[in-house]
Amino acid sequence: MTYRNPIQYCRACGASVAYRLPDDGDTRQRAVCPACGTVHYENPLNVVGTVPALPDGRVLLCKRNIEPRRGKWTLPAGFMELDETTSEGAARETDEEAGAQIEMGPLFSLLNVRGVGQVHLFYRATLLSDRFNPGTETIEARLFTEEEVPWDEIAFRTVRETLVRYFADRKTGAMGMHCIDIE
């Protein structure tokens, strides 16, 4: 089941919209304004973040100071902003949430989270220091080995799935790119 708040009013003129197939040949019902003809598209939100780690494999996690899931652990991540690339957004979120100095690596995981209309993208990142300066959204930022990760206190399934694959890839010595669908 997909969660969404249906569009009720036209963002262009304020009139009530109707859900129907647009006249342009689109095959999906859209919020269409009968007054001005504007078609409103609803698209997924991008969540971008990093798997910041030291060369020894310890990973940086942040304890959330905001809802949802305040007090749970997560990788540094958040919503992508306009006018930035996915990797720029991931680096920005890592700085904002953990105050971590990193060198960006390649895309590591792409997770389709259909139920909430999101796509999560996590990049590998090498930590350049083990000193952190967490922002207001983070209670604590610290390093964990795989054995130390508080698995029962991980905030989101996307983070858990990414961490599981990260540690598995480290064991094989072959870091891959993982595409995961989460219902």
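Computed over heavy atoms, backbone and side chain alike; hydrogens, waters and symmetry mates excluded. Here the structure is a predicted model, which means the values were calculated and not measured.
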Do NZ/NE/NH1/NH2 and the carboxylate oxygens of [X] and [Y] come within less than 4.0 Å?
{"X": "R64", "Y": "E137", "value": "no"}
{"X": "R28", "Y": "D26", "value": "no"}
{"X": "R157", "Y": "E161", "value": "yes"}

Smallest separation among heavy atoms of [X] and [Y], with atom names:
{"X": "P76", "Y": "L60", "result": "CD-O, 4.0 Å"}
{"X": "V48", "Y": "A90", "result": "CG2-N, 3.5 Å"}
{"X": "R160", "Y": "D152", "result": "NH2-N, 4.0 Å"}
{"X": "I7", "Y": "V17", "result": "O-CG2, 3.3 Å"}
{"X": "G14", "Y": "Y9", "result": "O-CD2, 3.7 Å"}
{"X": "L21", "Y": "Q29", "result": "CD2-N, 3.7 Å"}

- Query: Is the backbone N or O of R58 less than 3.5 Å from a side-chain atom of D56, with the two atoms forming a donor-acceptor pair by type?
  - Reply: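 Yes; judged by distance alone, with no hydrogens or angles, the pair exists.
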
Decide yes or no for [X] and [Y]: does some side-chain heavy atom of the first lie under 4.5 Å from some side-chain heavy atom of the second?
{"X": "V32", "Y": "H40", "value": "no"}
{"X": "L143", "Y": "L127", "value": "yes"}
{"X": "P52", "Y": "L75", "value": "yes"}
{"X": "V47", "Y": "V119", "value": "no"}
{"X": "T50", "Y": "I102", "value": "yes"}
{"X": "F108", "Y": "D169", "value": "yes"}
{"X": "V149", "Y": "V59", "value": "no"}

- Query: Is a side-chain donor-acceptor pair under 3.5 Å present for Q118 with H120?
  - Reply: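 Result is yes, a qualifying pair exists.
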
- Task: Go through the side-chain N and O atoms of H178 and S109 and say whether any donor and acceptor fall under 3.5 Å apart.
- Result: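 Side-chain D/A pair, H178 to S109: absent.
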
How long is the span from the [atom1] atom in [X] to the [atom2] atom in [Y], to the nearest 0.5 Å?
{"X": "W151", "Y": "F144", "atom1": "CH2", "atom2": "CZ", "result": "11.0 Å"}
{"X": "E88", "Y": "M104", "atom1": "CD", "atom2": "CE", "result": "9.5 Å"}
{"X": "Y166", "Y": "M175", "atom1": "OH", "atom2": "CE", "result": "4.5 Å"}
{"X": "N46", "Y": "E81", "atom1": "CG", "atom2": "CD", "result": "11.5 Å"}
{"X": "F122", "Y": "I180", "atom1": "CZ", "atom2": "CD1", "result": "9.5 Å"}
{"X": "L45", "Y": "M80", "atom1": "CG", "atom2": "CE", "result": "11.0 Å"}

Any chain of hydrophobic side-chain contacts (each under 4.5 Å) joining [X] to [Y]?
{"X": "F132", "Y": "L54", "value": "yes"}
{"X": "V51", "Y": "V159", "value": "yes"}
{"X": "V164", "Y": "L61", "value": "yes"}
{"X": "W73", "Y": "L111", "value": "yes"}

- Task: Before giving the answer on side-chain contact (heavy atoms from CB on, under 4.5 Å), spell out for T74 and I154 the whole-Å C-alpha distance, their side-chain angles and the decisive distance to 0.1 Å.
- Result: CA-CA 6 Å; T74 188; I154 297 297; over 6 Å; no

- Message: Could you check whether atom CG of D83 has more than 12 heavy atoms from other residues, nucleotides or ligands sitting under 6.0 Å from it?
- Response: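 No, the 6.0 Å shell around CG holds no more than 12 heavy atoms from other groups.
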
- Item | E148, CD: over 12 other non-hydrogen atoms inside 6.0 angstrom |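 Result for CD/E148: enclosed.
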
- Which one of R70, E140, K72 satisfies the side-chain contact (heavy atoms from CB on, under 4.5 Å) criterion with K63?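 By the side-chain contact (heavy atoms from CB on, under 4.5 Å) criterion, K63 pairs with just one of R70, E140, K72: E140.
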
- For residues 123-134, pull every pair meeting side chain to side chain donor-acceptor pair (under 3.5 Å), keeping only residues two or more places apart or in separate chains.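 Qualifying pairs: T86-Y123.
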
- Task: Could you walk me through whether R20 and R30 pass the side-chain contact (heavy atoms from CB on, under 4.5 Å) test, one step at a time?
- Result: CA-CA 6 Å; R20 65 173 177 80; R30 309 285 184 187; over 6 Å; no

- For I66, which fellow cluster members are found when Ile, Leu, Val, Met, Phe, Trp and Tyr are connected by side-chain heavy-atom distances below 4.5 angstrom, either directly or through intermediates?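 Hydrophobic cluster check, I66: no partners found.
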
- Task: Quick one: do V113 and T158 satisfy side-chain contact (heavy atoms from CB on, under 4.5 Å)? Show the steps, please.
- Result: CA-CA 8 Å; V113 192; T158 54; 3.5 Å; yes

